[in-house]
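Order of the sequence lines sets the chain letters (A, B, ...), proteins ahead of strands, with each chain counted from 1.
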Amino acid sequence: MPTVHLRFSALPAHVRTARLVAATVARRSGVGDDLLDEVRLAVGEACSRAVGQHTRSGLNEPVTMRLLTEPGRFCVEVADVVPIGVPLPGITSAADLLDADPDDMDESLGLALISGLVDDVAVIPGIDGTVVRMTWAATAL
Amino acid sequence: MPTVHLRFSALPAHVRTARLVAATVARRSGVGDDLLDEVRLAVGEACSRAVGQHTRSGLNEPVTMRLLTEPGRFCVEVADVVPIGVPLPGITSAADLLDADPDDMDESLGLALISGLVDDVAVIPGIDGTVVRMTWAATAL
Amino acid sequence: MDLSLTTRDEGDRTVVAVGGEIDVYTAPKLREQLVDLVNAGRYHLIVDMEGVEFLDSTGLGVLVGGLKRVRAHEGSLRLVCTQERILKIFRITGLTKVFPIHDTVSEALTAVG
Amino acid sequence: MDLSLTTRDEGDRTVVAVGGEIDVYTAPKLREQLVDLVNAGRYHLIVDMEGVEFLDSTGLGVLVGGLKRVRAHEGSLRLVCTQERILKIFRITGLTKVFPIHDTVSEALTAVG
Ligand SMILES: Nc1ncnc2c1ncn2[C@@H]1O[C@H](COP(=O)(O)OP(=O)(O)O)[C@@H](O)[C@H]1O
Ligand SMILES: Nc1ncnc2c1ncn2[C@@H]1O[C@H](COP(=O)(O)OP(=O)(O)O)[C@@H](O)[C@H]1O
């Protein structure tokens, strides 16, 4: 199974690297050009979210991104290691956003973007961290 | 310590990804523009070598690249997991090259390039694989 | 690509032209710019997004933060954007309801309300 | 960037113009091209490297392999290259002693020996 794993310290600069790697491997895995912007954005959001979780929890451990190229699909998993996860902010409207704490707002906007952009997405909370899994169709090259 | 790890299946396409990641992080770590071509080439060689070792040994495990950004320097380690390592070919002249087995020739050319390009390089064989470690000067950004 | 920021005053309004990538890495620079403007008494901001190549949630968050700041002074924050892929990001997050979005800077300069 | 290959015959010589990156990923395409030419009876090859942006040891290996093949038919393999960063790679590996390297294609076309 052709696979790429990237682990990086929880720093914003590395989110750019993760985006670049995901888009490059996606393209090479046969994800359509029209979807690459979406991959770049969604992967960036998932990674920013994980970096934010680590930073807010004061964790030094790295964030992990796994890219799986399978026949017909390209799958990205971004995992943080924050045990329970900072609870999801209860932001449900634009008006709430304006009142929210900035970190909560970023987290809420990030998840809104991921779920609005990606058809096949799952946020899987676990006792050892949360995994965001996103899958795109890919024609075999 | 800001760090990026990349693990990838032993496929030539992923060597390109590794090159791209190393050059991106090197630039962001303050490695001079005049050295980036060298980083790209040397890291590609170290990764191609590791991919070749895994392929020749029939190993399915991934190759690992670690990037360490430290004050004043940028360090790249590329590790294979081939227990003893395919012994170094005894190629010492251009004439030998023309007689050599193609795999031996590639390995020999790759190591010649790494050692010719990079001032600070070490090839560290171990019972669980070989690590190629290369270090470049980096001005803090 | 990195972020580029250019500001110019037009009467009581200030146009901030943004170029490049507004993401988790560069958004702090944009935040700083907006905070500086508000601290300097500029409460009517127009952010020209036509040169933006990439925008993520952190960038959106900075724009919302800017809006909060100018509103505290009865100000306004208008966006100029015609790029479909950027507009899509505002639509998905419901922010088209929060920001007035204009097709051109001159439209934004003359807009009221 | 991917590899681009363009070939043209000039008398008994064939010029292969290479563009882009010759690396572990694309080198097999170049190898295939050289093998095809030799199988088609073209034994005097000129590889024009002026459009090459990246060259690694796998690419070098393919060129050496091509040289072995044409030599088996008393042929020749000449390179055209003036890019310092590419020439450096041939120098470091001692291959400047193995390949005749020319400044222009026309020089390579008229070279003897
Ligand atoms: N990690 C990365 N993620 C995405 N793009 C990158 C990355 N690194 C470099 N790039 C690309 O390289 C160019 C400049 O990147 P950037 O790191 O912003 O450079 P600078 O700091 O010199 O402005 C852009 O085209 C950008 O897309
Ligand atoms: N993994 C990578 N390593 C290095 N460069 C890459 C990588 N992926 C993409 N690029 C850059 O993207 C461009 C095209 O890359 P490539 O994968 O060869 O594209 P294509 O297959 O469309 O020719 C080039 O500018 C190249 O430098």
Side-chain angles (χ1 to χ4, degrees), chain A residues 1-31 36 39-40 43-44 47-48 50-52 54-55 58-71 73-81 138-141, chain B residues 1-31 36 39-40 43-44 47-48 50-52 54-55 58-71 73-81 138-141:
Chain A
M1 188 102 341
T3 300
V4 174
H5 290 207
L6 184 75
R7 295 175 67 212
F8 52 97
S9 335
L11 292 175
H14 295 327
V15 172
R16 300 194 131 192
T17 304
R19 254 177 13 223
L20 183 64
V21 170
T24 301
V25 177
R27 192 161 51 86
R28 230 179 267 109
S29 305
V31 172
L36 291 181
V39 171
R40 198 174 286 117
V43 168
C47 292
S48 299
V51 165
H54 281 216
T55 308
L59 278 181
N60 272 322
E61 266 112 310
V63 165
T64 305
M65 175 176 80
R66 276 189 203 81
L67 309 178
L68 289 109
T69 303
E70 293 169 0
R73 59 204 205 103
F74 171 70
C75 176
V76 181
E77 290 184 354
V78 177
D80 66 53
V81 297
T139 56
L141 279 193
Chain B
M1 188 100 341
T3 299
V4 174
H5 289 207
L6 184 75
R7 293 175 69 211
F8 52 97
S9 336
L11 292 174
H14 294 328
V15 172
R16 300 195 130 193
T17 306
R19 253 179 12 224
L20 184 64
V21 170
T24 302
V25 177
R27 190 162 54 87
R28 231 178 268 109
S29 305
V31 172
L36 292 180
V39 171
R40 197 174 289 119
V43 168
C47 291
S48 299
V51 165
H54 281 215
T55 309
L59 280 178
N60 271 324
E61 267 111 309
V63 165
T64 305
M65 176 176 78
R66 276 190 205 81
L67 309 179
L68 289 111
T69 303
E70 294 170 0
R73 57 203 206 105
F74 172 70
C75 176
V76 182
E77 291 184 354
V78 178
D80 66 53
V81 296
T139 57
L141 277 195

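Expressed to the nearest 0.5 Å, how far CG of B/Leu6 lies from CE of A/Met65 amounts to 8.0 Å. How far OG1 of A/Thr64 is from CZ of B/Arg7: 9.5 Å, rounded to the nearest 0.5 Å. Taken to the nearest 0.5 Å, the OG1 atom of A/Thr69 stands 6.0 Å off from the NE2 atom of B/His14.
Applying side chain to side chain contact (heavy atoms under 4.5 Å, CB included) to A/Leu20 and the options B/Val21, B/Thr17, B/Thr24 leaves one that passes, B/Thr24.
In this structure, A/Thr3 contributes its side chain and B/Ser9 its backbone to no donor-acceptor pair below 3.5 Å.
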